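Read through the structure below, which is laid out as structure tokens, and then see the notes.
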Amino acid sequence: MAAEKAQVVVIGGGATGTGILRDLALRGISAILVEQGDLAHGTSSRFHGLLHSGARYAVKDKEAARECLEENMILRRIAPNCVENTGGLFVQLPEDNAEYADQWLAACAESGIPTEELDPRELRRNTPVLHHRVTRAFIVPDCAVDGFRVLWSNVNSARRYGARLYTYHSLTGIQQSNGKVTGVELTNQLTGERKYIECEMIINSTGAWGGAVAALAGIELNIIKDKGTLVAYNHRLTNQVVNRLRPPGDGDIFVPHGTITIFGTTSVTVNDAACTKPGHGEVLDLIKIGQEMIPDLENYRLIRAFAGVRPLYQAGNTAGGRSVTRNFALVDHQERDGLQGFISIVGGKFTTFRLMAEKTVDLAAKRLDVTAPCRTAEESLTSPVSEQWLERGKRVFGIPGAKKAADRLGDSFQRVVEEAEKNPDQRKIFCECEVVSLAEIVHVAGDGDSFTLGDIRRKTRMGMGTCQGTFCSYRTLGALSGYSQFAGNHREYLTKFLQKRWKGIRPVLWGQQLREAQLSSAIYCSLFGMERML
Amino acid sequence: MTQENRLALDNCIKCSICVSHCPVAKVTERFAGPKQNGPDLERFRLEEPAAVHPSIGYCSNCKNCDVACPSGVSISAMNAKAKGEYVTLHGAPLRDKILARVEQMGKASRLAPSLVNRLGRIKPLRVLGEAMMGVSSEMTMPTYAKKTFLEMFQPKKITASKDKVLYFQGCYVNYNTPEVGMALAAVLAYHDIELTVEPFNCCGLPLIANGFLDVAREYAQKNVSKLQQYIEQGYRIITTCPSCNLTLRREYQELFDLDTSQFNEQMMDAFEFLNLLDQRGELKVELQELPKRVGYHQPCHLKAAGCGIPSLETLRHIPGLEVRDLDAGCCGLSGSYGFKKEKYPISQEIGQNISRAVQELAVDQVISECGMCQLQVHHVTGAKVYHPIQLLAEAYHLA
């Protein structure tokens, strides 16, 4: 078997890994990204989707706060279709420490984070769902960010410079000789095929899996795995991000995200990087805390819960949970462990992924004797869809359909619109909750990176709305039977897809979502007879 | 958005029963359906008020979605607001601006009603109207009466009137079928009940259905303040038009946030009022025998009001009369909807159910409470169509 070659193999297709891939490619370093599942398989899709202004960290860590603010502004500029500029609020309740507000204000000022105090009466008028007892409220430049889109934009940008991507490939071995990394062994998760890639360097950006990957190189790297549970509400409760103005804790962030609101988070240390099962108890705890800010919270409909594992790193390892720094650390294993060509990037947060990638690739470039500077903050990640194409899109998909598709598809939007213009059948909306057309689904299915219904879901939002895939999953599958990856056993595809949806629905199974689940099980178990099929 | 609306939005479980009951979605693909335009896109509108699908213009505002919904979602209100949003953003054709202003059309027709009627029957003129204005040349135009109801009605002081009753006659009765109002007046006078009338504004439904919510809101506010005064004096308000009734009682509150709780209880369909008399033993039940068979068409807005079919209860007292329910669903006209060139074929397709039912039941007379339904049933079947109150008046020898 002829081995594939690259200077650098990046392990882990999260925000950091895709950011590193792009940075490498832009500096002309040949690179391959390897991911065990789909992009954002780990924590990059399992967070609240908040692009921090830094205000949350201002009191505890001004450096981190400054970094957040800077990266926030960069991402808005280079990837406008991934960022929803909602603005954020920090609100204080009578039971919160009043002095903390002043301390926080001073810290924000010091970190350069602009704040503006809002009259509580005005807040009540604009955001009536918030508790009328709010004593002080401030506006900060928080945003909502779409993790999937950022990651795919990173990869697409990197590909334009020759970078390669292998999803659904897990790392099964690290080859080294004479204290130097020489290659990686991969196994295709879908086919079982093995692959070998020759390389000079491995960058371990696997988040919660960081320790496991280092272990393959015989190195010990201790990552604290901190599980956070979040919930998704059926609609936008507020139009701005809402933070509680007190030291960071559980259940203090609401993020409006397109059609939904994400609310979180909890914090509990776990052993397994793949421990992403949200618990019923955690959800109830969250709601209880959240009600202090939004009194009617328990009456709003939850569509699902989900959990992610924060990969926290503390050199020395004494702290745990919330007291561990949210900062990132670059571990140069050549210096630390004497293994050449192995770098780990650990800790950190989504907002600063680009900076983490920059620092990592600075080191990698130094080791590879590359002098090209980082360009990821200057070069646009995506080019915005032109007004003219947006107008054409509106005519075939309607206003919301076209706007959302333009944000999701970016550069491919034009092709999808053309297809829908030519073929009116393709204009049909398959996912009605999130307004995803057949044209978009077909486009994504044929992009070469979509192997499962879940992959299509992540790229289109198909199945992520109110009904959680009840209607769109069988429609989508029906339309895709011509594609080789969907030509097998339909029951299996549906079961896999729906079980993942149900994993998130089970912890919130009451009220309207319970009725929804009843409808869903009636359709799949009775109407389609899936329980009886072999 | 109010707390109730938010919760109602969350109630939608996407079962799509509203889509399967939508008469428009059944016959055309041009309409994305009540669910997509309503609760689906409403989630998007919380972020972006302009998130309206252009197909919203195809909603006929029949409200069958509301009736079908098992989850209590105010689908039609969401659709009406969306249409308003769409018209605010993109404007509306002159045709819609004219068709929506039923009250002004009625007033203008007063100059020479019979001339207007004659012009409406001149085919070449209608063809021209279709080409220039987009008003279907096929659809039968409503006929304007020689005298309006308000001109014809002679208030009669009835000493010791059993009830204080105010009649919201609506534009169609006032300008087109004053005989309906006159029949009601006669029936009530026969029961020693004094009827009060008042020159109200149009209820606003045609404006709402065409997306002119701001104008409709002005009408609503004027009407509400007038009605409020009567309520304070202990009046009941009765209607013969189910659409006016529904608009006053429900739409004003749902669309314009007007407090109508005070008069909701006191406002009813004329037949609900007669049935109330019947319960009190005050309805005169010595009626002339009418040995005939008539079809009955239930207007969608009467169905949406959720009060059953009060007229059929009253008409049961008429000896010899056989009323057969057409049970054919929406007639398809939906006010100005079926007059629009691009919607006329849809409205006729929906109306096929009516002509089939009329044929099957072999009736040549049909009764229906809604003026526009009367027009469409006549248009698609050729049958003689009138309001049930006219039948009752006939049985009382009052016609």
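Throughout, protein chains are lettered first and strands after them, A, B, ... in sequence-line order, and every chain is numbered starting at 1. No hydrogens, no waters, no symmetry mates; every other heavy atom, side chains included, goes into these values. Note that this is a predicted model, so its numbers are computed, not measured.
Using a 4.5 Å heavy-atom threshold, the side chains of A:Ile399 and B:Glu85 count as separate. In this structure the side chain of B:Leu9 reaches within 4.5 angstrom of the side chain of A:His235, judged on heavy atoms. With contacts defined as side-chain heavy-atom distances shorter than 4.5 Å, the pair B:Leu41/A:Val435 qualifies. A:Lys394 places none of its side-chain heavy atoms less than 4.5 Å from the side chain of B:Pro54.
Interatomic distance, B:Lys14 NZ to A:Ser520 OG, rounded to the nearest 0.5 Å: 14.5 Å. To the nearest 0.5 Å, atoms CD (B:Glu48) and OG1 (A:Thr259) are separated by 13.5 Å.
The environment of B:His21 atom NE2 is sparse: at most 12 non-hydrogen atoms of other residues, nucleotides or ligands sit within 6.0 angstrom. Residue A:Arg133 places its CZ atom among more than 12 non-hydrogen atoms of other residues, nucleotides or ligands, all under 6.0 Å distant. A 6.0 Å sphere centred on CD of A:Gln291 holds more than 12 heavy atoms belonging to other residues, nucleotides or ligands.
Most heavy-atom pairs under 4.5 Å with chain A: of the set B:Glu47, B:Glu29, B:Lys35, this distinction falls to B:Glu47. For the set A:Ile523, A:Thr470, A:Leu237, the count of heavy-atom pairs under 4.5 angstrom toward chain B peaks at A:Leu237. Considering only heavy-atom pairs separated by less than 4.5 Å from chain B, the leading option among A:Arg395, A:Glu434, A:Gln518, A:Lys428 is A:Glu434.
With hydrogens and angles disregarded, no donor-acceptor distance shorter than 3.5 Å links the side chain of A:Gln512 to the backbone of B:Ile13.
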CA sep, side-chain torsions, deciding dist, call: B:Phe44, A:Lys403, side chain to side chain contact (heavy atoms under 4.5 Å, CB included): CA-CA 11 Å; B:Phe44 289 81; A:Lys403 280 195 171 174; over 6 Å; no
Check against side chain to side chain contact (heavy atoms under 4.5 Å, CB included), A:Arg301 and B:Asn11: CA-CA 8 Å; A:Arg301 175 172 172 185; B:Asn11 284 352; over 6 Å; no
Chi angles and distances behind the side chain to side chain contact (heavy atoms under 4.5 Å, CB included) call for B:Arg43, A:Thr466: CA-CA 10 Å; B:Arg43 290 172 73 233; A:Thr466 307; 3.3 Å; yes
Side chain to side chain contact (heavy atoms under 4.5 Å, CB included) between B:Cys15 and A:Arg515, worked out: CA-CA 10 Å; B:Cys15 67; A:Arg515 293 179 68 231; over 6 Å; no
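Within the 4.5 angstrom heavy-atom criterion, atoms from both the backbone and the side chain of B:Ser71 approach chain A. Residue A:Ile429 touches chain B through its side chain alone, counting heavy-atom pairs closer than 4.5 Å. Interface remark: A:Asn234 contributes backbone and side-chain atoms alike to the contact with chain B (heavy atom separation under 4.5 Å). At a 4.5 Å heavy-atom cutoff, the contact between A:Glu84 and chain B is made by side-chain atoms alone. Neither the backbone nor the side chain of A:Tyr233 has a heavy atom closer than 4.5 Å to any heavy atom of chain B.
When all heavy atoms of A:Gly398 and B:His53 are compared, the pair lying nearest together is CA-CD2, 4.0 Å.
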